[in-house]
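Here's the structure, in structure tokens; my notes come after.
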There are 2 protein chains.
Amino acid sequence: MSIERVRRRRRTPEEARQEALVCARARLLAGGPDSVTLKAVADDLGMTHANLIHHFGSAEGLQSALMGSMVADLSNALDTAIARLRTDDGAPLELVNAVFDAFAEGGAGKLAAWIVLKGDLSHLEPVRAAVNGLVHAIQDKLGDPSEASQIRLSSAVLFIALSAFGEALIGEPLRDMLDQDEDASRRVVAGLLPYFVARSER
Amino acid sequence: MSIERVRRRRRTPEEARQEALVCARARLLAGGPDSVTLKAVADDLGMTHANLIHHFGSAEGLQSALMGSMVADLSNALDTAIARLRTDDGAPLELVNAVFDAFAEGGAGKLAAWIVLKGDLSHLEPVRAAVNGLVHAIQDKLGDPSEASQIRLSSAVLFIALSAFGEALIGEPLRDMLDQDEDASRRVVAGLLPYFVARSER
DNA sequence: CGCTCTATTGACATTGCTGTTAGTTACATC
DNA sequence: GATGTAACTAACAGCAATGTCAATAGAGCG
């Protein structure tokens, strides 16, 4: 019986951080904020929690990096939607789907809820640019650079974002209560969109 | 120098639970879920955490009771909105305001986010009746008992609830990003409401 | 007043998470 | 192959939250 010597894996700092963030995100989405602890993430990765502290400085450092990573993903998803909006001739449903997907699939909905509950609103700041970009992209597409249209489109984006966020978090139980199918929220929001460009906001 | 003997206050079980729940709710809204601990709540009330365990059984018992209390309040707020809808001739803005207030003031928004992040969806169950009551109340008011109208109104309620929930959580930062005033969300939602009764959902 | 019931306390044990430190090992470079 | 850097580990200490238990004391009741 020979002594099994476990071969130790050595990652680059970037690899280590990346793997940890992927794992931490999965934990956040599956088990909530309380399940993303140093020990839990370290165990998942087959390392010790001390090593995570080595890479992120502290537990708060890991959480902060996770927020940053997820916010960046949300930002990128919105930017992609903007780019497609500027080039393709996507229907309004396309845009709505893009925003809803960004909040649902990337876990941005749960992320934002976590941030708000903790009170760290500053982490949401990088989203500002993307959100405003969305307004301008729609404005350019419609070819109406007036001040009035910007205000109107801002409220449209506000409306889409609120709905997408809500759907990502409480959509499933709420739709279940109301006997609505899985696509109901997107359909409703997309259906209401034309009224924003047609009429002036009261 | 006489020995100061601290006079011990003795509450009825109902008083104790009530005070604890009020305090726990304030903590949840101000500092997030992590700030509602046995010790913190007990300190606020001038008692020991052991006494809280005596009344609620465990920390989880306190959290569960808090969720129950807040869900009940949300349910009542919705019922009040329903009652007013059945008697008064409230404008659509009234209804929207009632739902938005229910999510914002009572803290139902943060509560729901907390429940979803923890994964305890069962706690939301008592809301089902109120939500469905809302659909039927609107339907009665419009005097159209058809199946089609119910489906349409369900999607309207879904849409209002998602928006109200979103506004309660990320409304403030999002409106700030978009240069929208405090009432923007309510105004937009109320403005879109007429389109639900007028047209058939695509 | 004496008695009972139980809300309440204080002290202790336990557990899980965070953070520190000294030492170990993988890997790149010479 | 020798060497240095730093990724990594093991063991420990500290802390905060939860939970247990025996003892205390407020309030109603005879």
Side-chain angles (χ1 to χ4, degrees), chain A residues 2-28 30-67 114 117-120, chain B residues 2-28 30-67 114 117-120:
Chain A
S2 68
I3 297 179
E4 289 292 335
R5 182 163 295 280
V6 181
R7 199 179 150 75
R8 190 189 281 190
R9 175 170 166 211
R10 187 188 177 96
R11 293 155 257 238
T12 69
E14 295 75 39
E15 278 172 349
R17 287 179 62 95
Q18 195 54 35
E19 289 182 25
L21 289 179
V22 167
C23 175
R25 174 184 306 211
R27 286 203 149 268
L28 172 66
D34 291 346
S35 72
V36 39
T37 68
L38 293 178
K39 180 164 187 345
V41 173
D43 284 353
D44 288 350
L45 296 178
M47 60 172 61
T48 60
H49 80 277
N51 198 23
L52 282 180
I53 294 183
H54 170 69
H55 285 295
F56 291 95
S58 66
E60 196 182 336
L62 170 61
Q63 294 169 11
S64 192
L66 176 58
M67 290 184 186
W114 180 34
L117 284 182
K118 290 208 75 163
D120 293 354
Chain B
S2 66
I3 298 178
E4 289 291 334
R5 181 164 294 279
V6 180
R7 204 179 148 74
R8 192 189 278 192
R9 175 172 166 210
R10 188 188 176 96
R11 293 155 259 235
T12 68
E14 295 76 40
E15 278 173 350
R17 285 179 63 96
Q18 194 53 35
E19 288 181 25
L21 289 178
V22 167
C23 174
R25 174 184 306 210
R27 285 202 150 268
L28 172 65
D34 292 347
S35 71
V36 40
T37 69
L38 292 178
K39 179 161 187 348
V41 173
D43 284 353
D44 288 350
L45 296 178
M47 59 171 65
T48 59
H49 80 277
N51 198 21
L52 282 180
I53 295 183
H54 170 70
H55 285 296
F56 291 96
S58 67
E60 195 182 338
L62 170 62
Q63 293 169 10
S64 191
L66 175 58
M67 290 183 186
W114 180 33
L117 285 182
K118 290 208 74 163
D120 294 355

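Reckoned from all heavy atoms, side chains included, excluding hydrogens, waters and symmetry mates. Not measured: the values here are computed from a predicted model. Proteins come first, then strands; the chains are lettered A, B, ... in the order of their sequence lines, and each starts at number 1.
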Over how many whole Å does the gap from Phe56(B) atom CZ to dA7(C) atom P extend?
12 Å
Categorize His55(B) for me: base, sugar-phosphate, or nothing, with a 4.0 angstrom heavy-atom threshold over every strand shown.
sugar-phosphate
For Thr12(B) and for Ala50(B), locate the closest nucleotide of DNA chain C by heavy-atom distance; then report the residue assigned to the nucleotide nearer the 5' terminus.
Thr12(B)
Let me see the working for Thr12(B) and Glu15(B) under side-chain contact (heavy atoms from CB on, under 4.5 Å), right down to the final yes or no.
CA-CA 5 Å; Thr12(B) 68; Glu15(B) 278 173 350; 3.4 Å; yes
When we call it a touch if two heavy atoms are under 4.0 Å apart, what does Thr37(A) touch: a base, just sugar-phosphate, or nothing?
sugar-phosphate
Which part of the nucleic acid, if any, lies within reach of Gly61(A) when heavy atoms closer than 4.0 Å are counted: base, sugar-phosphate only, or nothing?
nothing
Once you round it to whole Å, what is the distance between C1' of dG10(C) and CG of Leu52(B)?
15 Å
Determine, for Lys118(B) against Glu60(B), whether the closest basic-nitrogen to carboxylate-oxygen distance falls under 4.0 angstrom.
no
Interatomic distance, Arg11(B) CZ vs dG28(D) C1' [rounded to whole Å]
19 Å
Any side-chain N or O of Arg8(A) under 4.0 Å from OP1/OP2 of dT24(C)?
no
Atom-pair distance (CG on Asp43(A); C1' on dC17(C)), nearest Å
12 Å
So which atom in Ala42(B) and which in Leu52(B) form the shortest heavy-atom distance, rounded to 0.1 Å?
N-CD1, 3.6 Å
Rounded distance in Å - CZ (Arg27(B)) to P (dA17(D))
10 Å
Would you mind reading off the distance between Met47(A) atom CE and dA6(D) atom P, rounded to a whole angstrom?
18 Å
Nearest-nucleotide 5' precedence on DNA chain D, Lys39(B) against Arg10(B)
Lys39(B)
With the stacking rule set at 5.5 Å and 30°, tell me whether His54(A) counts as stacking on dC8(D).
no
Separation of Glu60(A) atom CD from dG19(C) atom C1', in whole Å?
13 Å
Counting the atoms with a prime plus P, OP1 and OP2 as sugar-phosphate, which does Ser58(B) contact under 4.0 Å by heavy atoms, base, sugar-phosphate, or nothing?
sugar-phosphate
Contact class for Ala59(A) (heavy atom, under 4.0 Å): base, sugar-phosphate, or nothing?
sugar-phosphate
Ranking dT20(D), dG26(D), dT8(C) by distance to the side chain of Asn51(B), first place goes to dT8(C)
CD (Gln63(B)) and OG1 (Thr37(B)) are apart, to the nearest 0.5 Å, by 10.0 Å
Any Arg7(B) side-chain nitrogen or oxygen under 4.0 Å from OP1 or OP2 of dT9(C):
no
To the nearest Å, give me how far apart CG (Leu45(B)) and P (dT8(C)) are.
10 Å
Is it true that a side-chain atom of Arg17(B) and a backbone atom of His55(B) form a donor plus acceptor pair closer than 3.5 Å?
yes
Regarding Leu38(B), tell me which of base, sugar-phosphate or nothing describes its non-hydrogen contacts under 4.0 Å with the strands shown.
sugar-phosphate
